[in-house]
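Numbers here simply count residues along the sequence, with the first being 1.
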Amino acid sequence: QVQLVESGGGLVQAGGSLRLSCAASGRTFSSYAMGWFRQAPGKERELVATITRSGASTYYADSVKGRFTISRDNAKNTMYLQMNRLKPEDTAVYYCAASRLVGIPIAEAHFAFWGQGTQVTVSS
């Protein structure tokens, strides 16, 4: 089992940048594929980006492709989401999640462990 804690959220103006971090407990971080999800008020949770165990492969939602970058540092048990050119529609609670899937997870059902979330607010 793995425990996840997100950080790095906050308030930023449109066009700005933020970097989210997800710190994982335990010594088996590299055995999990990881992902970022977000949930805006009144909307369902949606996948933002995912990354394989080694970090060699990534997947992005079309809405963030070219603006967001997912990465991980297995030595530090940490995953990141660099968010650039932020838009008001990126406002949401962002969650990190861990998956036991071998390969690249691309659906919420692939993820078994979740963090508590961090708020990102983008003002216009």
Side-chain angles (χ1 to χ4, degrees):
Q1 195 162 351
V2 62
Q3 294 180 328
L4 306 171
V5 179
E6 303 94 337
S7 62
L11 173 64
V12 64
Q13 287 188 331
S17 298
L18 280 176
R19 188 176 82 154
L20 304 183
S21 298
C22 174
S25 65
R27 293 174 285 182
T28 59
F29 178 67
S30 60
S31 66
Y32 294 93
M34 299 293 295
W36 287 100
F37 290 77
R38 67 186 182 187
Q39 188 168 22
K43 295 187 177 181
E44 292 187 354
R45 188 161 56 189
E46 63 174 355
L47 183 149
V48 174
T50 64
I51 189 166
T52 52
R53 297 176 177 187
S54 68
S57 296
T58 57
Y59 174 88
Y60 294 94
D62 287 344
S63 58
V64 305
K65 207 172 289 184
R67 300 188 298 123
F68 290 10
T69 302
I70 188 171
S71 62
R72 65 189 296 164
D73 185 336
N74 286 344
K76 296 182 178 180
N77 284 9
T78 304
M79 175 181 64
Y80 305 97
L81 184 69
Q82 178 66 44
M83 304 186 294
N84 298 327
R85 292 185 281 135
L86 282 160
K87 304 175 181 180
E89 51 263 44
D90 294 318
T91 295
V93 177
Y94 283 70
Y95 299 90
C96 69
S99 168
R100 294 188 183 278
L101 193 71
V102 177
I104 188 81
I106 59 170
E108 184 170 337
H110 294 155
F111 291 86
F113 306 101
W114 295 83
Q116 293 300 305
T118 186
Q119 176 71 46
V120 172
T121 303
V122 184
S123 63
S124 57

Take atom CD of Gln116 as the centre, draw a 6.0 Å sphere, and report whether it contains more than 12 heavy atoms from other residues, nucleotides or ligands. no
Phe37 and its ring pair (Phe, Tyr, Trp, His ring centres under 6.0 Å) partner, picked from Tyr95, Phe111, Tyr94: Phe111
Hey, are the side chains of Leu20 and Met79 touching, using non-hydrogen atoms and a 4.5 Å cut-off? no
List the steps, then state whether side chain to side chain contact (heavy atoms under 4.5 Å, CB included) holds for Met34 with Leu4. CA-CA 10 Å; Met34 299 293 295; Leu4 306 171; 3.9 Å; yes
Looking only at heavy atoms, which two atoms of Ala33 and Gly103 are closest? And how far apart? CB-O, 4.0 Å
Enter the distance from Lys87:NZ to Arg85:CZ here, rounded to the nearest 0.5 Å. 7.5 Å
Give a yes or no answer on whether the side chain of Thr50 reaches the backbone of Pro105 with a donor-acceptor pair at less than 3.5 Å. yes
Is the centre of the Phe68 ring less than 6.0 Å from the centre of the Trp36 ring? no
Check whether more than 12 heavy atoms from other residues, nucleotides or ligands sit under 6.0 Å from atom CD of Glu89, and answer yes or no. yes
Treating Ile, Leu, Val, Met, Phe, Trp and Tyr as nodes and any side-chain heavy-atom pair under 4.5 angstrom as an edge, say whether Met83 and Val12 lie in one connected cluster. yes
Where the side chain of Arg72 meets the backbone of Phe29, is there a donor-acceptor pair that is under 3.5 Å apart? yes
For the hydrophobic clusters of this structure (ILVMFWY residues joined by side-chain heavy atoms under 4.5 Å, transitively), does one cluster hold both Phe113 and Val48? yes
Tell me whether Gln82 contacts the main-chain N or O of Arg19 through its side chain, where contact means a donor paired with an acceptor under 3.5 Å. no
Reference residue Val122; test side-chain contact (heavy atoms from CB on, under 4.5 Å); the match among Asp90, Leu11, Leu18: Asp90
Pair Asp62 + Lys65: basic N to acidic O under 4.0 Å: yes
Look at the side chain of Tyr60 and the backbone N and O of Ile70, then say whether any donor-acceptor pair between them is shorter than 3.5 Å. yes
Gap separating the OG atom of Ser25 from the CG atom of Asn77, nearest 0.5 angstrom: 8.0 Å
Got a donor-acceptor contact below 3.5 angstrom from the Thr52 side chain to the Ser57 backbone? yes
Counting only N and O atoms by type, is there a donor-acceptor contact under 3.5 Å from the side chain of Ser30 to the main-chain atoms of Asn74? no
Between Arg53 (side chain) and Arg100 (backbone), is there a donor-acceptor pair under 3.5 Å? yes
Under 4.5 Å between any side-chain heavy atoms of Ser63 and Arg38, yes or no? yes
What is the minimum heavy-atom distance between Ser71 and Ile51, and which atoms define it? CA-CD1, 3.7 Å
Between Leu81 and Ala49, what is the shortest heavy-atom contact and its length? CD1-CB, 4.4 Å
What's the separation between atom CD1 in Ile104 and atom OG in Ser99, rounded to the nearest 0.5 Å? 9.5 Å
Starting from the C-alpha separation in whole Å, work towards a yes-or-no answer on side chain to side chain contact (heavy atoms under 4.5 Å, CB included) for Arg45 and Trp114. CA-CA 12 Å; Arg45 188 161 56 189; Trp114 295 83; 3.6 Å; yes
Glu6 (side chain) donor-acceptor with Cys96 (main chain) under 3.5 angstrom: yes
What closest approach, in Å, do Ser31 and Thr28 show between heavy atoms, and which atom pair accounts for it? OG-O, 2.6 Å
